[in-house]
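Read the numbers this way: they start at 1 and go in the same order the structure lists the ligands and their atoms. Note that these values count all heavy atoms, side chains included, but never hydrogens, waters or copies made by symmetry. Position 1 is the first residue of the sequence; numbering continues from there.
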Amino acid sequence: MNELFQPGRDFAVALDRGDPLARFRDEFHIPRRENGEEEIYFAGNSLGLVPKRARKYVDAELEKWGRHAVKAHFEGENPWMPYHELLAEPMARLVGSSASPSEVVTMNSLTVNLHLMMASFYWPTRERHRILLEEHAFPSDDYALESQAVIHGFDPAETLVRLRPGEGKHTIDTADVAEVLEREGRSIALVLLPGVQYYTGQAFEIETITRLAHEKGCVVGFDLAHAAGNVVLRMHDWNVDFAVWCTYKYLNSGPGSVGGCFVHERHGTQEDLPPLAGWWGHDKKSRFRMEPGFRPIPGAEGWQLSNPPILSLAAIRASLDVFMEAAGMEPLREKSLRLTGYFEWLLARELGDSVEILTPRDPRQRGCQLSLRVKSNVPGRTVLGRLETYGVTCDWREPDVIRAAPVPLYNRYEEVHRFVEILRNAL
Ligand SMILES: Cc1ncc(COP(=O)(O)O)c(C=O)c1O
């Protein structure tokens, strides 16, 4: 793809003109600087922008609350009782659960869902209690896994097996995962890896890793926080046991919004996988008989505990509708490959001596984010501060990485061009 790119601004502008998804930028509020200019917002990997239509969707629920109050659970357009069901199909499309939307539910938040999944899927024994994760995993995952080990009476130092990048590398090769599984797989109860790693931006080979781990009898879960809405996923076909994600990053659903959860169809009705129970996971027909005796809804919905926050689900619906109008992940990914490919090419060409890219160079092994390490004598944090002064929003992750994510739904090639110019000045 590289030889297709050219360094001038005109080239970026021409790419924007030819972009079939360009109109979707207008669906979002782009933050503005004090001088009124639009920011270059490359932080959709942290908090996605608000879709303009979210206000209408949320207002509709406030209106219903005002008009029908408690009866809105059963009355009016889109009653609240089954409201979460409206999200199942588009969400299933985005994470690749084409077989059945009942594999997907929108509920709780990511870390809560991770614990709920482990309550069902993590049954450690003396011989097989270990959990495979990556070194420098997102801390919440690390804490959750450690605490699960402790709850089951194991020492996290022995239970958690952390995959490290090979000598001189920043990311973990699938061959490294395969080697650990080959050597230690029979002692590993659970493999819990990210779809896309938050720090390096590496996209893991989910299908291959799942197959290798299953061959050793491990359960396989994925954290899709940075993958959902970013890369094409086929969680059903890839046979992953479970997955969890948040919706406030690439899925643009608002701060702290409700998370997602995938449970493979083959586990949906298994009685040896009891969910932690709550009334919203109970058989819908008899839920309001208010009787004891939990009978889970088949599929991912059986893991629900509580009635969900409708205002938050309304905002997610607004965003999912934008994704569906863009025809799902495939066209977005196509643009993303080109947008981030151009970003990488321009950075390497213009700033190769002063900026190191930690993210894999192979486009199949990354999403839209590039993780940058500053090599010049200006400290990375200072560089980030200067970027902000010039209207760029991206973020910093300790110890030394600037993460920048051009998002195909609302970012432009021209912004990538400007970002590189601003970064050059900042250095
Ligand atoms: C990779 C990853 N895992 C877990 C979380 C925690 O998410 P939550 O606070 O919704 O539980 C985040 C949040 O940014 C994340 O990036």
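Residues Glu103 and Met235 have side chains not in contact (no heavy-atom distance under 4.5 Å, counting atoms from C-beta outward).
What sits closest to atom 4 (C) of ligand 1 on the protein, heavy atoms only, is Asp141 OD1, 3.3 Å. Atom 11 (O) of ligand 1 has Thr111 OG1, 2.5 Å as its closest protein atom, hydrogens excluded (heavy atom only). The nearest heavy-atom contact from the protein to atom 3 (N) of ligand 1 is Asp223 OD2, 2.8 Å. Ranking protein heavy atoms by distance to atom 12 (C) of ligand 1, first place goes to Phe138 CE2, 3.3 Å. Protein heavy atom at the shortest distance from atom 7 (O) of ligand 1 is Tyr248 OH, 3.0 Å.
Under 4.0 angstrom from ligand 1, there are no non-hydrogen atoms of Val112.
The atoms of ligand 1 that sit less than 4.0 Å from any heavy atom of His226 are 1 (C), 16 (O). Near Ala225, the atoms of ligand 1 lying under 4.0 angstrom from a non-hydrogen atom of the residue are 1 (C), 2 (C), 15 (C), 16 (O).
Between Phe242 and His267, the gap from one ring centroid to the other reaches at least 6.0 Å. Taking the six-membered ring for Trp, Phe288 and Trp279 have ring centres closer than 6.0 Å.
Between His226 and Tyr198, the ring planes are tilted. Angles from 30° to 60° get that label. Ring geometry for Phe419 versus Phe42: interplanar angle under 30°, hence parallel rather than tilted (30 to 60°).
For the atom pair CZ of Arg366 and CZ of Arg361, the computed distance is 7.5 Å after rounding to the nearest 0.5 Å.
Residue contacts with ligand 1 include Lys249, since one or more of its heavy atoms lies under 4.0 Å from the ligand.
More than 12 heavy atoms of other residues, nucleotides or ligands shown are found within 6.0 angstrom of CZ on Arg266.
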